[in-house]
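In what follows, a single structure is set out as structure tokens and then discussed.
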Amino acid sequence: MKRNLNNLGFTLIELMVVIVILGILAGLIVPRIMSRPEEAREAKARIQIESLETTLKLYRLDNGSYPSTEQGLQALTEPPEVGNLPGKWREGGYLEKGKVPKDPWGNEYIYLCPGMHNDFDLISYGADGEPDGEGKNSDITSWDIE
């Protein structure tokens, strides 16, 4: 039995079936993903806080202490000029992109050192940018992240 080499492609019906199946899958999956943007923002804030915690620990290893509240997270991108000046500040800074990230809602992270819960505290006030919110406005804090 010989096959004709000219008929090795897909037929229009086969392509239409695949397109319909993909459309059905997109119709089922996309609404589930699109209904969770706040959960995604909260997860991103937690990840950023954990990353900032790690970066602050590297800063402490190099310099013997965390940046003060006055120096803030900006001490991770440029050498502080106030307070306890670091002796071995890393050339180029401690953050890859050279700037302190904002939380997923476009607000600055709150940094306190010494913190009320740990050596330092990091806080995102959520969607409203105000302390002590509920739901999508709830605070995301370094001491609540496990």
Side-chain angles (χ1 to χ4, degrees), residues 1-63 65-81 86 88-146:
M1 184 167 131
K2 280 189 168 185
R3 291 180 90 184
N4 188 351
L5 294 178
N6 293 333
N7 293 333
L8 293 179
F10 294 104
T11 66
L12 180 59
I13 293 175
E14 290 171 327
L15 288 174
M16 293 300 292
V17 168
V18 169
I19 290 171
V20 168
I21 291 172
L22 290 175
I24 291 170
L25 287 174
L28 294 173
I29 294 172
V30 170
R32 290 183 185 179
I33 294 172
M34 298 306 288
S35 67
R36 297 186 175 192
E38 282 307 314
E39 288 178 29
R41 285 187 187 101
E42 289 172 15
K44 183 177 180 181
R46 284 185 180 86
I47 290 167
Q48 285 179 324
I49 286 174
E50 288 174 345
S51 176
L52 287 170
E53 284 180 323
T54 301
T55 304
L56 286 162
K57 289 174 184 175
L58 288 173
Y59 180 98
R60 180 175 164 232
L61 283 174
D62 286 351
N63 299 293
S65 64
Y66 294 110
S68 66
T69 300
E70 182 182 23
Q71 292 168 332
L73 294 174
Q74 203 60 33
L76 300 175
T77 60
E78 53 193 50
E81 297 177 1
K88 297 180 181 177
W89 193 83
R90 183 181 294 178
E91 188 67 34
Y94 292 84
L95 295 172
E96 283 187 32
K97 296 184 179 180
K99 65 179 184 174
V100 178
K102 293 189 177 205
D103 73 12
W105 298 275
N107 302 312
E108 302 287 336
Y109 283 101
I110 307 302
Y111 171 72
L112 302 172
C113 183
M116 295 175 7
H117 300 274
N118 295 311
D119 291 336
F120 61 85
D121 293 343
L122 286 166
I123 307 164
S124 167
Y125 286 143
D128 64 353
E130 300 291 327
D132 300 325
E134 292 184 21
K136 69 179 184 177
N137 297 326
S138 63
D139 299 348
I140 300 167
T141 60
S142 57
W143 60 91
D144 286 335
I145 297 174
E146 295 177 6

Next on the checklist: The test is side chain to side chain contact (heavy atoms under 4.5 Å, CB included); show your working for Trp105 and Lys44 and say whether it passes.
Outcome noted: CA-CA 10 Å; Trp105 298 275; Lys44 183 177 180 181; over 6 Å; no
Checklist entry - Hey, does Leu56 have a side-chain heavy atom less than 4.5 Å from the side chain of Asp119? => result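 Counting from C-beta outward, Asp119 and Leu56 never come under 4.5 Å.
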Item to check | Candidates Val18, Ile24, Leu25 - the one meeting side chain to side chain contact (heavy atoms under 4.5 Å, CB included) with Ile21 | outcome: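 Single side chain to side chain contact (heavy atoms under 4.5 Å, CB included) partner of Ile21 among Val18, Ile24, Leu25: Leu25.
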Next on the checklist: Assess the residue pair Leu58 and Leu76 against the criterion (side chain to side chain contact (heavy atoms under 4.5 Å, CB included)); give the C-alpha distance rounded to whole Å, side-chain angles, the decisive distance to 0.1 Å, and a yes or no.
Outcome noted: CA-CA 10 Å; Leu58 288 173; Leu76 300 175; over 6 Å; no
Checklist entry - Looking at residues at least two apart in the chain, or sitting in another chain, which of them share a ring-ring contact (aromatic ring centres under 6.0 Å, His included) with Phe120? => result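 Partners of Phe120 by the ring-ring contact (aromatic ring centres under 6.0 Å, His included) criterion, ordered by chain and then number, come out as Tyr66.
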Check whether [X] reaches the backbone of [Y] with its side chain - one donor and one acceptor, N or O, closer than 3.5 Å.
{"X": "Asn137", "Y": "Gly126", "result": "no"}
{"X": "Ser51", "Y": "Ile47", "result": "no"}
{"X": "Asn107", "Y": "Asp103", "result": "no"}

Say you draw a straight line from [atom1] of [X] to [atom2] of [Y]; how long is it, rounded to the nearest 0.5 Å?
{"X": "Glu50", "Y": "Gln48", "atom1": "CD", "atom2": "CD", "result": "11.0 Å"}
{"X": "Ile140", "Y": "Asp144", "atom1": "CD1", "atom2": "CG", "result": "10.0 Å"}
{"X": "Leu52", "Y": "Tyr59", "atom1": "CG", "atom2": "OH", "result": "14.0 Å"}
{"X": "Asn63", "Y": "Arg90", "atom1": "CG", "atom2": "CZ", "result": "9.5 Å"}
{"X": "Tyr109", "Y": "Thr141", "atom1": "OH", "atom2": "OG1", "result": "12.0 Å"}
{"X": "Glu91", "Y": "Trp89", "atom1": "CD", "atom2": "CH2", "result": "6.5 Å"}

Taking all non-hydrogen atoms of both residues into account, name the closest pair between [X] and [Y] and its distance.
{"X": "Pro80", "Y": "Gln71", "value": "CB-NE2, 3.4 Å"}
{"X": "Pro101", "Y": "Leu95", "value": "CD-CD1, 4.3 Å"}
{"X": "Lys102", "Y": "Glu108", "value": "CE-OE2, 3.1 Å"}

Donor-acceptor list for residues 110-118 side chains, cut-off 3.5 Å, not counting sequence neighbours:
unit_1	atom_1	unit_2	atom_2	d
Tyr111	OH	Pro67	O	2.5

Item to check | Steps toward side chain to side chain contact (heavy atoms under 4.5 Å, CB included) verdict (Val100, Tyr94) | outcome: CA-CA 10 Å; Val100 178; Tyr94 292 84; over 6 Å; no
Item to check | Within 6.0 Å of CD1 in Ile13, more than 12 heavy atoms from elsewhere | outcome: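 No, the 6.0 Å shell around CD1 holds no more than 12 heavy atoms from other groups.
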